[in-house]
Amino acid sequence: MPDPAVLAQQANDPTFPGIWEELVWRGHVHVSTDAEELRHLLAGGPITYYCGFDPTAPSLHLGNLVQLLVMRRLQLAGHRPLGLVGGSTGLIGDPRPTAERTLNTKDTVEEWVGYLQAQVSRFLSAEGDNAVTLVNNLDWTAPLSAIDFLRDIGKYYRVGTMLKKDAVSARLNSDAGISYTEFSYQILQGMDYLELYRAHGCVLQTGGSDQWGNLTSGTDLIRRAEGVSVHAIGTPLVTNSDGTKFGKSEGNAVWLDPALTSPYAFYQFWLNTDDADVISRLKVFTFLPRVEIERLESLVASEPFKREAQRTLAWDVTSLVHGVEATDAAIHAAQALFGQGDLSSLDQATLEAALRELPNTTASSSAAVVHLLVDTGLSASLSEARRAIAQGGVYLNNHKVDSDEATIAGAVLPGGFAVLRRGKKTLAGVFVA
RNA sequence: GGCGAGUUACCCAAGUGGCCAAAGGGAUCUGACUGUAAAUCAGACUGCUUCGCAUUCGGGGGUUCGAAUCCCUCACUCGCCA
């Protein structure tokens with residue numbers, strides 16, 4: 001369910017001549033079909049475009065959010081979005097550069113399709129002439145026989161061309177090799193575009209630039225099958241300036257589903273953005289107009305320690321994904337927990353609410369700290385928990401724990417809880433039963 | 001189908017009978033410094049009932065006092081030939 005209030009606040013920046021120019025400025029365009037043609041097309045009357053999401057997990061993640069925002073910007077410019085969730089492509093799996101995917105069961109994929117559809121629909125308006133339409137490629141691939149597939153679609157594909165796609169050649173040159181299954185993926189995606197062109201008049205597909213081979217698979221197929229030239233935009237992979245992977249927190253992907261990544265963790269993820277990255281993140285992940293982003297850019301330069309840009313970014317993206325209420329709760333929790341010193345001076349209800357935002361566990365009043373570290377997920381194993389304590393990285397209610405035999409006895413705050421911390425900013429709550 | 005090469009911890013990659021829980025780099029974690037930043041420096045990085053024990057080097061079996069290292073076999077990958 002989209003939050004109408006959040007969607008209503010979004011707008012493209014009117015100071016740009018058109019949506020194309022804005023997409024370019026925000027850094028959304030890495031590769032595309034003919035840029036001049038696209039600019040004209042997007043500046044004209046409504047066109048239909050699509051972007052696909054494969055159910056390879058029970059939730060979308062931040063990489064997918066980039067695509068959703070591109071879709072939303074195009075929708076705000078008056079164009080008509082088709083949100084595709086890959087019920088069939090998700091059964092195959094697109095070739096990753098490193099290794100073959102493990103196939104998920106049909107039941108699992110079907111379940112995930114439902115989750116992703118719900119998420120996709122949250123970010124796009126279902127109102128008006130250009131309301132979003134959700135489609136599932138299983139609807140047109142499931143009825144297709146192998147013979148029809150090979151005769152009607154396969155004939156348009158040249159193996160030489162297919163082998164040259166980055167995704168395929170990377171795997172051919174690796175130890176992992178590639179199965180026929182994943183090799184065929186590009187054909188399925190090409191078929192999707194052709195189907196959507198025929199059924200909906202779709203003439204633009206957007207996607208990550210790592211999907212470029214699959215995007216052009218569709219434009220090539222439509223040119224051959226229909227003699228029509230359609231378009232594709234490949235958005236750049238979002239990267240961190242220090243070379244690490246974007247979108248990871250504590251080694252895990254940052255998910256849009258609050259059950260998988262809490263709003264608190266989500267907010268913290270954005271708040272911790274590097275100075276070097278924060279401006280480009282604002283461009284990609286928010287609807288703030290150019291002047292505002294430029295103002296924040298100058299603040300990063302003049303008073304970086306205030307982290308105004310990071311705060312704005314964190315608030316904007318968290319409220320977009322989780323709503324204003326959850327965002328405020330996450331901020332209040334952080335203020336309580338990152339406040340200096342004495343936790344017992346905090347208001348009991350505030351503290352309890354903050355702990356509810358964190359990973360937490362229930363324990364007896366004499367539970368060992370090492371076990372709580374594991375139970376709350378702050379440490380992956382008892383050995384790791386002991387190590388963390390030995391290195392002086394564990395705190396109970398802001399007091400350093402100096403023995404791996406410590407328990408929470410005597411440290412329980414009024415109200416029956418305790419705050420466990422690993423390192424400077426990884427927190428968890430303990431509720432005493 | 002034939003021949004050759006290969007499969008080491010999250011990733012890359014050393015190691016070719018004991019000194020190997022396994023070099024080095026990256027990633028990650030902790031500490032110092034800080035702005036809940038970056039860079040830098042230091043430490044850690046299989047598990048556990050943690051000063052010791054257990055389990056790892058594609059799977060299974062064998063040789064040996066002793067194997068990641070030798071042999072057999074299965075699986076997978078790459079290359080060349082057909």
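Chain A is the first sequence line, chain B the second, and so forth, proteins listed ahead of strands; every chain is numbered from 1.
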Spacing between A:I389 atom CD1 and B:U50 atom P, to the nearest angstrom: 13 Å
Send over the distance from A:N398 CG to B:U36 P, rounded to a whole Å. 14 Å
Proximity to RNA chain B (any heavy atom under 4.0 Å), residues of residues 270-287 of chain A only: A:L271, A:N272, A:D274, A:D275
Just checking A:N272: does its CG atom have more than 12 heavy atoms from other residues, nucleotides or ligands closer to it than 6.0 angstrom? yes
Under 6.0 Å from the ring centre and within 45 degrees of the ring axis: does the NZ or CZ of A:R72 meet both conditions for the six-membered ring of A:F123? no
Tell me whether A:E110 at atom CD has more than 12 heavy atoms from other residues, nucleotides or ligands lying less than 6.0 Å away. no
Scan every strand shown for a Watson-Crick or G-U wobble partner of B:G6, both distances under 3.5 Å, and answer none if you come up empty. B:C76
From A:L313 CG over to A:L296 CG, what is the distance, rounded to the nearest 0.5 angstrom? 9.5 Å
Euclidean distance for P, B:G47 against B:G1 (whole angstrom): 43 Å
Paired to B:C70 by Watson-Crick or G-U wobble criteria (both distances under 3.5 Å) is B:G62
Strictly below 4.0 Å: does A:Y395 bring a side-chain N or O up to OP1 or OP2 of B:G31? yes
Looking at CG of A:D316 and CZ of A:R311, how far apart are the two atoms once the value is rounded to the nearest 0.5 Å? 14.5 Å
Rounding to a whole Å, what distance do you find between A:F246:CZ and B:A27:P? 19 Å
Over all strands shown, is A:R422 touching base, sugar-phosphate only, or nothing at heavy-atom distances under 4.0 angstrom? sugar-phosphate
Are more than 12 heavy atoms from other residues, nucleotides or ligands located less than 6.0 Å from atom CD of A:E294? yes
Between B:U49, B:U36, B:G47, which nucleotide has the shortest distance from any of its atoms to the side chain of A:L382? B:U49
Which base, if any, makes a Watson-Crick or G-U wobble pair with B:U55, both distances under 3.5 Å? none
Mind checking what makes ring pair (Phe, Tyr, Trp, His ring centres under 6.0 Å) contact with A:F269, not counting sequence neighbours? A:F246
Heavy atoms under 4.0 Å, any strand shown: does A:S383 hit a base, just sugar-phosphate, or nothing? base
Test ring pair (Phe, Tyr, Trp, His ring centres under 6.0 Å) applied to A:Y193 - qualifying residues, sequence neighbours left out: A:Y50
Going by number, which of residues 303-317 of chain A have a non-hydrogen atom under 4.0 Å from RNA chain B? A:P304, A:F305, A:R307, A:Q310
What string of B, S and - do you get for nucleotides 52-59 of chain B, 5' to 3', when a contact is any protein heavy atom under 4.0 Å? --------
What pairs meet the side-chain hydrogen bond (donor to acceptor under 3.5 Å, both in side chains) rule with one or both residues in residues 297-309 of chain A, with sequence neighbours excluded? A:E303-A:K306
Could you pull out every donor-acceptor pair under 3.5 Å between side chains of residues 361-377 of chain A and any protein atom, sequence neighbours left out?
from, atom 1, to, atom 2, distance (Å)
A:S364, OG, A:S366, N, 3.4
A:T376, OG1, A:L372, O, 2.8
A:T376, OG1, A:L373, O, 3.3

CG (A:L420) and OG1 (A:T426) are apart, to the nearest 0.5 Å, by 10.5 Å
Any A:R386 side-chain nitrogen or oxygen under 4.0 Å from OP1 or OP2 of B:U49: yes
With a 4.0 Å heavy-atom cut-off, tell me which residues in residues 354-373 of chain A come close to RNA chain B, sorted by residue number. none
How about A:Q189 and A:T89: does a side-chain donor come under 3.5 Å of a side-chain acceptor? no
OP1 or OP2 of B:A37 versus the side-chain N and O atoms of A:K425: is any pair under 4.0 Å? yes
Let me know the distance between CZ of A:F269 and C1' of B:A37, rounded to the nearest Å. 14 Å
Integer-rounded Å distance: B:U28 P and A:R387 CZ: 17 Å
Qualifying side-chain hydrogen bond (donor to acceptor under 3.5 Å, both in side chains) pairs with a residue from residues 210-225 of chain A, counting only residues at least two apart or across chains: A:D94-A:Q211, A:Y157-A:S217, A:K165-A:T216, A:Q211-A:N214, A:D220-A:R223
A:Y49 meets the ring pair (Phe, Tyr, Trp, His ring centres under 6.0 Å) criterion, sequence neighbours left out, with none
Using purine N1 to pyrimidine N3 plus N6-O4 or O6-N4 for Watson-Crick, or N1-O2 and O6-N3 for G-U wobble, each under 3.5 Å, what pairs with B:A42? B:U30
Between atom CZ in A:F338 and atom C1' in B:U34, what is the gap in whole Å? 14 Å
Nearest 0.5 Å, please: how far is SG in A:C51 from CG in A:L68? 7.0 Å
In Å and rounded to the nearest 0.5 Å, what is the CD1 to CG distance from A:I233 to A:L215? 10.0 Å
Using 0.5 Å steps for rounding, measure from the CD1 atom of A:I92 to the OG1 atom of A:T56. 13.5 Å
Looking at residues at least two apart in the chain, or sitting in another chain, which of them share a side chain to side chain contact (heavy atoms under 4.5 Å, CB included) with A:D13? A:T15, A:F16, A:E22, A:P289, A:R290
Rounded to whole Å, please give me the gap between NZ in A:K424 and P in B:C29. 12 Å
Interatomic distance, A:I178 CD1 vs B:C78 P [rounded to whole Å]: 10 Å
Across the strands shown, which category fits A:Y267 at heavy-atom distances under 4.0 angstrom: base, sugar-phosphate, nothing? nothing
Please report the distance separating the P of B:G62 from the corresponding atom of B:A67, rounded so that it comes out in whole Å. 13 Å
Could you list all N or O pairs between the protein and nucleotides 41-43 of chain B that sit under 3.5 Å apart?
from, atom 1, to, atom 2, distance (Å)
B:G43, N2, A:Q391, OE1, 3.1

